[in-house]
There are 2 protein chains.
Amino acid sequence: MPTDAIETLLALAQAHATVTRAIEVQGLSFAELRLLLVLRAAQPHGRRPTELAREVLLTPSGVTRALLPLEKRGIVERERDPDDARASQIRLTTAGVTLLDDALIPAGERASKLLRRLSLGQTKQLQRLLEEIGR
Amino acid sequence: MPTDAIETLLALAQAHATVTRAIEVQGLSFAELRLLLVLRAAQPHGRRPTELAREVLLTPSGVTRALLPLEKRGIVERERDPDDARASQIRLTTAGVTLLDDALIPAGERASKLLRRLSLGQTKQLQRLLEEIGR
DNA sequence: GACATGTACTTGACTCATCAAATATCATCC
DNA sequence: GGATGATATTTGATGAGTCAAGTACATGTC
């Protein structure tokens, strides 16, 4: 009785639950991995917390709290903006880059395992379809 | 630099974040909706908490806690199993069925809106691909 | 028929993320 | 050069879920 659209979103939720349970490596959750990958794409300049929030779909306060343990572990660092005292730039530390690279190896393996029933073409197709959701 | 598999899973996480933010209706979160839909499929018999956990990919303790507000609101009810005093059956109340039916209308609309860039065929295809994840 | 082991939950402590409010700073307009 | 309002971020209270341990009952074994 749920519509096709809802059924598809249910499958999405199910898949997401499976993925977050499976991918967790070097003490990094899948959500943290996501954040760090955005930061690596932003090297060497870094990103503002607000931009991070938009890019990983967290609230700004969610970002503040997500960064806390990462800063404490020396994975990311913060530089206050000299021109705007409210703002700061977040970037990966050297150790953070290394850790991320290390983490990506087992993470990639687990990701492949999760998608092992799909061909490469289907995987790309899935990605394209997912990217159409919401806009 | 992340693999194709990881990129696809990132798209999945992004899509999931979009969906959970968008679908919330009659004070029911998307996660609650998911639970109630399983329960509706299980009518009139109901389901054990443990079965629910497996079906929506929560831990048993997550189910206990998810049911608490739903019981309080009279949306689901619990019947102790006379043959096994540890166990119980959870089922939708009449009010719960009504509420769920009401909620599904706007939820369906929002779901369609989220998927509006996909044809019906693509939506079904997306669902099939998602169902292959993890097994 | 008592004991060991297993099953069905529930609870306590904790993490993660949200919302709303607070804080601090910047930008504009007069 | 203040007052007014927007922007960047943090904080307090709270909801949602996890894991590990606890409770209560069932089951199989000798």
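Residue numbering restarts at 1 for every chain, and letters A, B, ... go by the order of the sequence lines. Everything quoted here is computed from the prediction, not taken from an experiment.
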Could you check A:Ile90 against A:Glu77 for side chain to side chain contact (heavy atoms under 4.5 Å, CB included), going step by step and ending with a plain yes or no? CA-CA 6 Å; A:Ile90 310 294; A:Glu77 66 191 358; over 6 Å; no
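- Along DNA chain C, read 5' to 3', the first and last nucleotides having any atom under 4.0 Å from a heavy atom of chain A are C:dA17 to C:dC26.
- In this structure, OG1 in A:Thr98 is found 11.0 Å from CD in A:Gln26, a value given to the nearest 0.5 Å.
- Summary of the strand contacts: A:Leu58 and A:Asp83 both lie near DNA chain C, and taking for each the nucleotide with the nearest heavy atom, the more 5' one is attributed to A:Leu58.
- Residues B:Gln14 and A:Arg34 have side chains that bring a donor and an acceptor to within less than 3.5 angstrom of each other.
- The pair A:Arg86-A:Asp81 does not meet the salt-bridge criterion, since no charged nitrogen lies less than 4.0 angstrom from a carboxylate oxygen.
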Is there a side chain to side chain contact (heavy atoms under 4.5 Å, CB included) between B:Leu28 and B:Ile75 once you walk through the steps? CA-CA 11 Å; B:Leu28 295 175; B:Ile75 296 167; 4.2 Å; yes
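- One can place CZ of B:Arg65 at 12 Å from C1' of D:dA20, the figure rounded to the nearest angstrom.
- Between the CG atom of B:Leu57 and the P atom of D:dA16 there is a distance of 19 Å, given to the nearest Å.
- Here the CG-NE2 distance, from B:Leu57 to A:His16, works out to 11.5 Å after rounding to the nearest 0.5 Å.
- Residue B:Glu24 comes nearest to B:Ser29 through the heavy atom pair CG-CA, 3.8 Å, listed as atom of the first residue, atom of the second, then distance.
- Judged purely by distance below 3.5 Å, without hydrogens or angles, the side chains of A:Arg128 and A:Gln125 pair a donor atom with an acceptor atom.
- Side-chain nitrogen and oxygen atoms of B:Ser61 include none within less than 4.0 Å of the OP1 or OP2 phosphate oxygen of D:dT18.
- Within the nucleic acid shown, B:Asp81 has no heavy atom closer than 4.0 Å to any nucleic acid atom.
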Starting at the 5' end of nucleotides 1-9 of chain D, put B wherever the base has a protein heavy atom under 4.0 Å, S where only the sugar-phosphate does, and a dash everywhere else. -----BBSS
